[in-house]
Amino acid sequence: MYNHQAIEKKWRERWVKEKLYQTGTDPKKPKYYILDMFPYPSGAGLHVGHPKGYIATDILARLRLMQGYNVLHPMGFDAFGLPAENYALANKVHPRTATEHNVATYKKQLEILGFSYDWEREVNTTDPEYYKWTQWIFLEMFKKGLAYESNEPINWCPSCRTGLANEDLENGHCERCGSEVIQKPLRQWVLKITDYAERLLNDLEKLEGWEESIKEMQRNWIGKSEGAEIDFKIIGTDKTIRVYTTRVDTIFGCTYVVLAPENDLVLELKEKITNWNEVEKYQVAVANKTNLQRTDLNKDKTGVELQGLKAINPFNRAEVKIFVADYVLNSYGTGAVMAVPAHDERDFAFAQKYKLEIKPVVFQADGELKTGEASCEDGVLKDSEEFSGLSSEEAREKMTKWLAKKKLGASKINYKLKDWVFSRQRYWGEPIPLIHCAQCGVVAVPEKDLPVRLPEVESYEPTGTGESPLAAITDWVNVKCPKCGGGAKRETNTMPQWAGSSWYYLRYINPKNTKVLVDKKLEKYWSPVDFYVGGAEHATRHLIYARFWHKFLYDIGVVNYDEPFTKLKHVGLIMGEDGRKMSKRWGNVINPDEMVEKFGADAMRVYEMFMGPFEQATSWSTNGLIGARKFLEKVTVAFEMEKVKEDKKIVSMLHKTIKKVGEDIENFRLNTAVSAMMILLNEITDYLNTNQAWPLSKKEQGALLQIIAPFAPHLAEELWEKLGNKESIFKSTWPVYDKKLIKDETINLVVQINGKLRATLNVTADITEAEALTLAQENEIVKKWLDGQEIIKKIFVPGKLLNIVFK
RNA sequence: GCCGCGGUGGCGGAACUGGUAGACGCGCUGGACUUAAAAUCCAGUUGUAGCGAUACAGUGCGGGUUCGAUUCCCGCCCGCGGCACCA
């Protein structure tokens with residue numbers, strides 16, 4: 001049993017003393033920027049799932065270090081946010097105090113796992129010298145017109161008493177606290193991310209190093225759709241209903257139009273609506289529904305006809321009824337649709353319920369038409385006047401042109417992506433650096449006055465009226481207008497947690513320099529991030545926001561690349577031993593500190609990599625961890641042997657393993673890398689036991705330690721030193737495998753008969769087909785199978801197999 | 001419903017661009033050591049039949065392509081993740 005506690009402590013101290021992991025700056029060397037998503041330092045501390053990603057990046061970082069790269073492998077903390085504030089509320093301590101405490105705990109926990117972070121570059125989003133630049137970026141956006149105030153109804157969490165972006169919702173519930181979100185009109189700052197929608201979508205194509213699943217989620221989230229807006233005149237008024245559709249081709253089947261109940265047009269038509277009472281009652285009923293009721297109860301469609309009004313289908317002059325119904329969303333498209341029940345499921349359900357006409361106009365090539373349901377596929381148009389006979393695709397193009405010519409509509413692209421609600425009515429966030437002046441309007445805080453620091457407050461309690469607690473601090477709020485010098489008030493909203501994490505990867509490049517956001521020269525060298533690793537839960541928020549900010553910074557000339565992360569992998573969850581998500585509720589939470597103390601950081605590292613494919617979720621098994629420890633134990637025992645008696649076969653195996661481990665780390669296939677090392681160790685141990693000597697020379701023993709080192713850095717250092725090396729193993733050069741040695745002299749040639757394995761022959765690797773056939777035919781089993789058969793075909797795969805086919 | 005990913009022993013998982021299915025680890029069984037247990041070491045471990053060599057079946061299900069399919073194609077079933085009245 002090796003003493004992991006003593007060894008690990010010894011080497012951690014030595015690494016710090018020697019500044020081993022200080023970021024390399026030799027300009028002649030290539031660079032590698034490898035980054036983990038930085039954690040939010042919660043009060044609960046790290047759980048075993050956290051380190052999985054960190055271990056993997058650490059292994060790759062250490063490989064790159066040994067391959068002679070300048071490696072940038074930093075860590076920091078995303079420390080603004082609600083939990084610290086709520087904790088502060090409950091315990092009457094400043095959120096900063098709670099945050100500092102948690103950061104210290106996290107650092108300690110990260111330290112004992114032996115990561116090669118350059119802590120001199122640590123960032124913390126709550127540091128005023130950091131958030132100065134978060135504020136600066138916001139101001140640049142403000143100056144470019146990308147930040148605007150909006151009084152539109154926003155998602156409001158009554159429990160957190162704060163506004164939320166669409167991305168922060170989960171089935172109409174607050175993602176953070178789970179309470180039901182309501183719509184509340186409130187003055188908010190909003191960022192025009194939709195201006196970047198097209199680029200955010202298109203540039204996904206360039207990101208070859210990203211997993212398809214995450215790119216797909218982003219595509220979904222951006223939700224581009226191409227269609228047309230069409231005007232329906234309302235008879236007897238000067239008003240028109242503008243609808244949005246992606247299926248102009250079905251317009252001859254339009255039998256009514258629908259407005260969202262909140263559509264302003266409804267109120268404008270009040271005088272002409274003969275059943276206004278009924279309509280108004282419906283509007284109120286819908287307004288009282290929560291988001292959840294509106295979206296989740298998608299079974300029964302409801303609505304009310306606007307009696308006394310008809311609209312005109314611009315294509316065939318048909319008069320159609322007008323409805324309000326809450327299956328139409330005011331926030332998407334124009335808040336109005338043309339209903340084609342024959343070719344849209346929702347319209348079909350509504351038409352059935354209210355006994356409205358269903359008129360099919362698009363047919364499949366075979367003339368078939370489904371009955372009892374809407375047929376939504378493209379087809380060939382009928383009963384569509386001059387457009388009859390066209391395919392849906394042709395029709396869409398021609399009809400859109402027709403609309404444009406007649407000035408009755410135009411083609412239009414819509415996105416599901418909404419502008420980003422960027423303000424929070426909270427204390428523990430970056431103050432939005434704006435000043436409201438009665439004379440000058442909204443004025444940016446001058447750059448020289450940044451950062452706008454968070455003031456000390458008595459109470460963190462949100463006011464509940466929609467104002468941030470900052471609003472109560474009058475001597476902070478009241479300022480002079482930077483423009484006119486008159487009395488003015490500070491903006492009291494703060495930024496969402498996503499703000500600080502939208503650019504932190506740039507800060508690591510020059511964390512000590514507070515004069516600029518990012519040093520251009522250093523940025524040119526280090527950007528973009530070569531490899532980025534983190535949880536899939538950030539696929540549609542953090543990763544879209546960061547891409548958005550990065551593109552903006554690119555546009556204003558701050559950065560050289562228009563995508564921040566070249567390669568991205570997401571880390572699979574570690575589940576409890578019972579296969580369920582780790583949670584206090586199930587009592588299946590594993591504490592990493594305890595595991596490290598008992599079995600060592602090296603064992604923990606090896607085990608978490610060995611568990612399964614990196615991206616996949618797998619269940620924890622403490623027995624598995626013990627298995628990893630046993631492997632390290634074998635390594636230790638082997639290095640107690642001094643005598644050497646080289647063995648060709650095992651030397652060859654070592655070289656194969658060097659090749660495999662190197663390639664597997666590159667491809668993040670860390671489970672098979674560990675397995676390959678275990679196989680090699682098993683061979684070595686067998687040899688040691690029978691021969692009482694090492695099958696490898698001292699130098700080869702060193703190479704073995706070098707490939708183990710990224711996985712189990714402490715133990716590798718210890719044994720490396722024992723081999724007589726004076727310098728750290730991470731200052732050594734990654735071993736190069738000998739191509740000649742990985743070639744096998746003999747192979748097991750598989751002999752199949754009619755595709756079934758019947759024998760394996762141990763033969764020289766370069767055996768020819770003729771030789772193989774002769775040998776095979778001498779084999780007793782093969783002989784038996786071939787007896788009396790007429791061979792019609794032979795397939796020979798050199799170095800692999802011979803397949804003999806008869807009859 | 002739509003999109004993405006996946007389904008292999010008792011369990012986690014391996015198998016390169018179609019070429020020995022089950023590597024490696026866990027667990028289990030038997031044995032050695034021990035007064036005993038733990039630890040360690042050795043042997044076995046997909047199922048069925050057989051003392052055995054061996055044979056047959058076998059990678060969610062049903063088809064297909066191929067000398068040969070976990071891998072490719074078609075049609076299903078199930079699980080996970082995301083989105084969801086987005087017109």
Side-chain angles (χ1 to χ4, degrees), chain A residues 1 171 211-221 223-225 227 243-247 250 258 260 294-299 301 325-329 331-340 343-347 349-350 376 414-418 536-537 539-540 570 572-573 575 577 579 606-607 610-613 615-628 630-631 633 637 660 663 669 671-672 674-682 685 689 748-760 780-781 784 792-797 799-806:
Chain A
M1 286 286 278
N171 287 325
E211 288 165 67
E212 197 48 44
S213 60
I214 294 196
K215 290 204 268 186
E216 196 56 32
M217 279 189 222
Q218 294 211 351
R219 283 190 201 108
N220 261 326
W221 194 265
K224 181 181 180 175
S225 79
V243 302
Y244 175 71
T245 182
T246 55
R247 294 296 305 274
T250 64
V258 191
R294 257 191 89 160
T295 54
D296 229 41
L297 301 172
N298 59 5
K299 320 152 202 164
K301 303 252 180 306
D326 69 351
Y327 79 91
V328 173
L329 307 173
S331 54
Y332 183 76
T334 59
V337 302
M338 62 174 211
V340 186
H343 303 299
D344 182 279
E345 280 178 41
R346 295 150 301 180
D347 298 340
F350 190 80
C376 305
N414 272 325
Y415 300 92
K416 286 189 216 172
L417 183 73
K418 294 278 178 308
E537 69 271 22
T540 48
H570 87 262
L573 221 61
M575 319 278 266
E577 259 176 307
V606 169
Y607 170 62
F610 183 62
M611 290 177 85
E615 299 92 329
Q616 197 175 301
T618 38
S619 300
W620 178 266
S621 153
T622 302
N623 276 327
L625 171 59
I626 294 169
K630 282 186 198 162
F631 161 70
E633 214 67 69
V637 169
K660 179 159 177 62
E663 289 170 356
R669 293 173 16 169
N671 54 333
T672 50
V674 172
S675 142
M677 292 189 287
M678 285 174 168
I679 295 168
L680 176 61
L681 240 298
N682 287 346
T685 306
N689 288 342
N748 286 326
L749 186 81
V750 170
V751 180
Q752 293 183 343
I753 289 165
N754 284 353
K756 287 213 166 176
L757 172 79
R758 294 302 175 196
T760 57
E780 285 303 319
I781 298 159
K784 213 166 69 194
I792 56 166
K793 203 172 183 182
K794 294 177 288 266
I795 288 115
F796 182 68
V797 182
K800 281 239 167 76
L801 69 82
L802 174 70
N803 188 8
I804 303 169
V805 185
F806 59 79

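Sequence lines set the chain letters: A, B, ... in the order given, protein chains first and strands last, and positions in each chain run from 1. Computed over heavy atoms, backbone and side chain alike; hydrogens, waters and symmetry mates excluded.
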> Is a side-chain N or O of A:T685 found less than 3.5 angstrom from the main chain of A:L681, in a donor-acceptor match?
Replying inline: yes
>> Protein within reach of the bases, or only the backbone? For nucleotides 13-20 of chain B, mark each nucleotide 5' to 3' as B, S or -, using heavy atoms under 4.0 Å.
In response: SSSB--BB
> For A:E615, which residues count as a salt bridge (charged side-chain N to carboxylate O under 4.0 Å, His left out) partner, sequence neighbours excluded?
Replying inline: A:K569
> With the threshold set at 4.0 Å, does a side-chain nitrogen-carboxylate oxygen contact exist between A:K630 and A:E633?
Replying inline: no
> Partners of A:R669 by salt bridge (charged side-chain N to carboxylate O under 4.0 Å, His left out), sequence neighbours excluded?
Replying inline: A:D664
>> Applying a 4.0 Å non-hydrogen cut-off, can you work out what A:V805 is touching in the nucleic acid: base, sugar-phosphate, or nothing?
In response: sugar-phosphate
>> Nearest to the side chain of A:M217, heavy atoms from C-beta on, is which of B:G81, B:A87, B:G27?
In response: B:G81
> How does protein reach along nucleotides 36-45 of chain B, written 5' to 3' as B (base within reach of a heavy atom under 4.0 Å), S (only sugar-phosphate), or - (no contact)?
Replying inline: ----S-S---
>> Please classify the glycosidic conformation of B:G9 as syn (within 90° of 0) or anti (everything else).
In response: syn
> With a 4.5 Å heavy-atom cut-off, do A:K215 and A:Q218 have their side chains touching?
Replying inline: no
Distances for protein N or O near nucleotides 57-60 of chain B N or O, under 3.5 Å:
| unit_1 | atom_1 | unit_2 | atom_2 | d |
| --- | --- | --- | --- | --- |
| B:A57 | OP2 | A:K756 | NZ | 2.7 |

> With distance as the sole criterion, do the side chain of A:K416 and the base of B:C83 form a donor-acceptor contact below 3.5 Å?
Replying inline: no
>> When the C1' atoms of B:G58 and B:U48 are compared, how many Å lie between them, rounded to an integer?
In response: 11 Å
>> Please tell me if A:N754 has a side-chain N or O lying less than 4.0 Å from either OP1 or OP2 of B:C67.
In response: no
Extract from the structure each pairing of a protein N or O with an N or O of nucleotides 46-54 of chain B at less than 3.5 Å, listing the distance.
none

>> My understanding is that only residues two or more places apart in sequence, or in another chain, count here; which of them pass side-chain contact (heavy atoms from CB on, under 4.5 Å) with A:S225?
In response: A:Y244, A:T246, A:Y332, A:N414
> Within the structure, does a side-chain N or O atom of A:N682 lie under 4.0 Å from either OP1 or OP2 of B:G25?
Replying inline: yes
>> Distance check, C1' atoms only: B:A38 and B:U45, in whole angstrom units.
In response: 24 Å
>> Are A:Q752 and A:I795 packed together at the side-chain level, in the sense that at least one heavy-atom pair is separated by less than 4.5 angstrom?
In response: no
> Which dot-bracket notation, 5' to 3', represents the base pairing of RNA chain B when pairs are defined as Watson-Crick or G-U with both distances under 3.5 Å, crossing pairs as [ ], and inter-strand pairs as |?
Replying inline: (((((((..(((......[....)))((((((.......))))))((((....))))..(((((..]....))))))))))))....
>> I'd like the P distance from B:G1 over to B:U17, given in whole Å.
In response: 34 Å
>> Suppose you measure atom C1' in B:A15 against the same atom in B:G63; what distance do you get, rounded to whole Å?
In response: 25 Å
> Going by heavy atoms in the side chains, are A:V340 and A:R247 under 4.5 Å from each other?
Replying inline: no
>> Could you tell me how far apart A:E633 (CD) and B:G25 (C1') are, to the nearest whole angstrom?
In response: 16 Å
>> Rounding to an integer number of angstrom, what distance separates B:C56 and B:C5 when you compare their C1' atoms?
In response: 35 Å
>> Categorize A:G627 for me: base, sugar-phosphate, or nothing, with a 4.0 angstrom heavy-atom threshold over every strand shown.
In response: sugar-phosphate
> For A:D344, what residues pass the salt bridge (charged side-chain N to carboxylate O under 4.0 Å, His left out) criterion, not counting sequence neighbours?
Replying inline: A:R346
> Say you pick atom P in B:G52 and the same atom in B:U46; how far apart are they, in whole Å?
Replying inline: 14 Å
>> Using the C1' atom as the point on both nucleotides, what is the distance between B:C78 and B:C85, in whole Å?
In response: 28 Å
> Between B:G25, B:A23, B:A87, which nucleotide gets closest to the side-chain atoms of A:I679?
Replying inline: B:A23
>> Tell me the interatomic distance from A:M678, atom CE, to B:G25, atom C1', rounded to whole angstroms.
In response: 6 Å
> What is the minimum heavy-atom distance between A:S621 and A:Y607, and which atoms define it?
Replying inline: N-OH, 3.0 Å
> How close or far is atom C1' of B:C83 from atom CD of A:E537, stated in whole angstroms?
Replying inline: 17 Å
Could you write out each protein N or O paired with an N or O of nucleotides 2-5 of chain B at a distance under 3.5 Å?
| unit_1 | atom_1 | unit_2 | atom_2 | d |
| --- | --- | --- | --- | --- |
| B:C3 | O2' | A:E216 | OE2 | 2.9 |

>> In whole Å, I'd like the distance from the NZ atom of A:K793 to the P atom of B:G68.
In response: 8 Å
>> Checking A:E345 now: which residues fulfil salt bridge (charged side-chain N to carboxylate O under 4.0 Å, His left out) with it, not counting sequence neighbours?
In response: none
>> What's the gap between B:C26 and B:A53 when it is taken at their C1' atoms, as a whole Å value?
In response: 32 Å
> Sequence neighbours excluded, which residues qualify as side-chain contact (heavy atoms from CB on, under 4.5 Å) partners of A:K224?
Replying inline: A:E198, A:L201, A:E226, A:I413, A:Y415
